[in-house]
Protein chains: 2
Amino acid sequence: MSPTIEKQAKIFNALADERRLRILSMLKGCERCACAIKDELDLPQSSLSYHMKILCDSGLVTDRREGKWTYYSINRSGCMFAAGLIETIPTVEGGCCPERKGDEQ
Amino acid sequence: MSPTIEKQAKIFNALADERRLRILSMLKGCERCACAIKDELDLPQSSLSYHMKILCDSGLVTDRREGKWTYYSINRSGCMFAAGLIETIPTVEGGCCPERKGDEQ
DNA sequence: ACCTCAAATCCAAAAATTTAGATGTGTTTA
DNA sequence: TAAACACATCTAAATTTTTGGATTTGAGGT
């Protein structure tokens with residue numbers, strides 16, 4: 001079964017914000033705690049928390065609590081899944097253009 | 001030079017809407033004129049036009065005028081470009097986590 | 001128990017997006 | 001030239017998202 005269109009939109013929505021793209025970029029290769037991201041991007045704490053929730057809910061990022069701190073990191077499988085969604089877009093499936101049957105290329 | 005974060009956000013924003021995802025799905029494999037999309041999705045004409053503009057501006061879709069009609073189709077290179085953007089996210093670049101040096105896997 | 005800190009959640013205001021009717025533009029047909 | 005058509009653009013209202021201060025929760029520390 002293919003992923004629901006709601007889930008797809010949710011993932012792309014998480015990526016559709018410059019701040020969140022910057023956060024993802026910061027998480028490349030290593031996890032970071034919320035305060036480090038907040039300081040580097042100079043965001044109010046509640047605002048950072050809001051964006052991290054969107055990233056986590058989309059599946060692109062995971063969080064890990066450790067004592068008082070929350071560490072965030074890239075969820076590789078979530079990102080690979082997202083990349084796959086776009087790759088299917090320019091794929092010819094056939095059958096949608098009867099008037100063009102046999103007209104590939 | 002890597003694509004600006006604004007351009008990336010613009011592309012993902014175009015993908016972050018269920019209607020637009022449906023439109024992209026309709027365009028798989030063949031071009032369609034605006035009226036066909038409008039009828040199939042049952043959208044007011046101005047609304048369809050609004051969404052098509054977002055898709056075109058993002059580079060995911062191209063338009064072609066032919067007389068009174070406008071035909072839309074997937075812009076493969078735009079989609080491949082978008083897929084590539086996500087693939088780079090979970091890529092370890094190194095250098096961002098000095099305290100974890102040599103700690104891969 | 002009390003205080004501090006990290007972070008989530010609440011909430012109302014601000015900003016941005018989306019909607020859909022009205023209007024404008026360019027094309028085709030009569 | 002006029003009328004019909006396809007579509008873009010304009011516009012204001014409706015809706016959604018984002019912001020940021022205040023509050024809450026939960027984990028240490030003293």
Side-chain angles (χ1 to χ4, degrees), chain A residues 4-24 26-27 30-75 99, chain B residues 4-24 26-27 30-75 99:
Chain A
T4 67
I5 207 144
E6 289 89 350
K7 183 177 179 192
Q8 294 181 53
K10 189 174 194 175
I11 290 171
F12 292 127
N13 181 63
L15 290 162
D17 179 274
E18 291 185 33
R19 271 175 206 74
R20 296 193 289 266
L21 287 175
R22 261 182 251 282
I23 292 168
L24 284 169
M26 283 184 66
L27 295 180
C30 66
E31 68 178 14
R32 297 277 193 124
C33 80
C35 57
I37 302 171
K38 173 183 81 64
D39 289 347
E40 190 161 327
L41 296 185
D42 195 27
L43 285 174
Q45 183 267 321
S46 65
S47 186
L48 189 270
S49 205
Y50 167 76
H51 289 293
M52 294 320 296
K53 183 165 172 49
I54 289 174
L55 286 168
C56 288
D57 286 352
S58 74
L60 294 167
V61 166
T62 52
D63 57 350
R64 178 175 74 83
R65 304 296 304 263
E66 185 173 316
K68 292 190 288 187
W69 296 279
T70 303
Y71 290 92
Y72 295 100
S73 57
I74 298 289
N75 181 355
E99 74 278 12
Chain B
T4 66
I5 208 144
E6 287 91 350
K7 182 175 180 192
Q8 295 182 53
K10 188 175 195 174
I11 290 171
F12 292 126
N13 181 64
L15 291 162
D17 179 273
E18 291 185 33
R19 271 178 205 72
R20 295 192 291 265
L21 287 175
R22 261 182 251 282
I23 292 168
L24 284 169
M26 284 184 66
L27 296 180
C30 67
E31 67 178 15
R32 298 277 193 123
C33 79
C35 57
I37 303 172
K38 173 182 82 67
D39 290 347
E40 190 160 327
L41 296 185
D42 194 29
L43 285 174
Q45 182 267 321
S46 66
S47 187
L48 190 270
S49 204
Y50 167 77
H51 288 294
M52 295 319 297
K53 183 164 172 49
I54 289 175
L55 285 168
C56 288
D57 286 352
S58 74
L60 294 168
V61 166
T62 52
D63 57 351
R64 177 174 74 83
R65 303 296 304 263
E66 186 173 317
K68 291 189 289 188
W69 297 279
T70 302
Y71 291 93
Y72 295 100
S73 57
I74 298 287
N75 181 357
E99 75 278 12

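The figures here come from the full heavy-atom set of this structure, side chains too, leaving out hydrogens, waters and symmetry mates. As the structure is a computational prediction, the values presented were derived from the model and not from experiment. Order of the sequence lines sets the chain letters (A, B, ...), proteins ahead of strands, with each chain counted from 1.
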_Just to verify, what does A:Thr70 make a side chain to side chain donor-acceptor pair (under 3.5 Å) with, not counting sequence neighbours?_
A:Arg65
*Reading DNA chain C 5' to 3', which nucleotide is the first, and which the last, to come under 4.0 Å of any heavy atom in chain B?*
C:dT17 to C:dT28
*Which residues satisfy the salt bridge (charged side-chain N to carboxylate O under 4.0 Å, His left out) test with B:Lys68, sequence neighbours excluded?*
none
*Assign a letter to each nucleotide of nucleotides 19-25 of chain D from its 5' end: B, base within under 4.0 Å of a protein heavy atom; S, sugar-phosphate only; -, no contact.*
BBBB---
_For a quick check of understanding: with a heavy-atom distance under 4.0 Å over all strands, which category does A:Tyr72 fall into, base, sugar-phosphate or nothing?_
sugar-phosphate
*How close or far is atom P of D:dC7 from atom CD of B:Glu66, stated in whole angstroms?*
11 Å
_Pairs where residues 35-51 of chain A contributes a residue and the test salt bridge (charged side-chain N to carboxylate O under 4.0 Å, His left out) is met, not counting sequence neighbours_ = A:Arg32-A:Glu40
_salt bridge (charged side-chain N to carboxylate O under 4.0 Å, His left out) partners of B:Asp63, counting only residues at least two apart_ = none
*asked:* Tell me every residue that passes salt bridge (charged side-chain N to carboxylate O under 4.0 Å, His left out) with A:Lys7, counting only those two or more places apart in sequence or in another chain.
replied: none
*Give one of base, sugar-phosphate or nothing for B:Ile54, where a contact means two heavy atoms less than 4.0 Å apart.*
sugar-phosphate
Would you give me the side-chain donor-acceptor pairs under 3.5 Å for residues 14-22 of chain B, sequence neighbours excluded?
residue	atom	partner	partner atom	Å
B:Asp17	OD1	B:Arg19	N	2.9
B:Asp17	OD1	B:Arg20	N	3.1
B:Glu18	OE1	B:Arg22	NH2	3.4
B:Arg20	NE	B:Ala14	O	2.9
B:Arg20	NH1	B:His51	ND1	3.1
B:Arg20	NH2	B:Asn13	O	2.9

*Could you tell me which residues satisfy side chain to side chain contact (heavy atoms under 4.5 Å, CB included) with B:Ser49, sequence neighbours excluded, listed by chain and number?*
B:Gln45
*In Å, rounded to the nearest 0.5 Å, how long is the span from SG of A:Cys30 to OH of A:Tyr72?*
15.0 Å
*Would you list the pairs meeting salt bridge (charged side-chain N to carboxylate O under 4.0 Å, His left out) in which at least one residue belongs to residues 45-58 of chain B, sequence neighbours left out?*
B:Lys53-B:Asp57
*Apply salt bridge (charged side-chain N to carboxylate O under 4.0 Å, His left out) to B:Glu6 and list each qualifying residue two or more places apart in sequence or on a separate chain.*
none
Restricting both atoms to N or O, compile the protein contacts to nucleotides 2-6 of chain D shorter than 3.5 Å, with distance only.
residue	atom	partner	partner atom	Å
D:dA6	O3'	B:Lys68	O	3.3

*For A:Lys38, which contact category applies under a 4.0 Å heavy-atom criterion: base, sugar-phosphate, or nothing?*
nothing
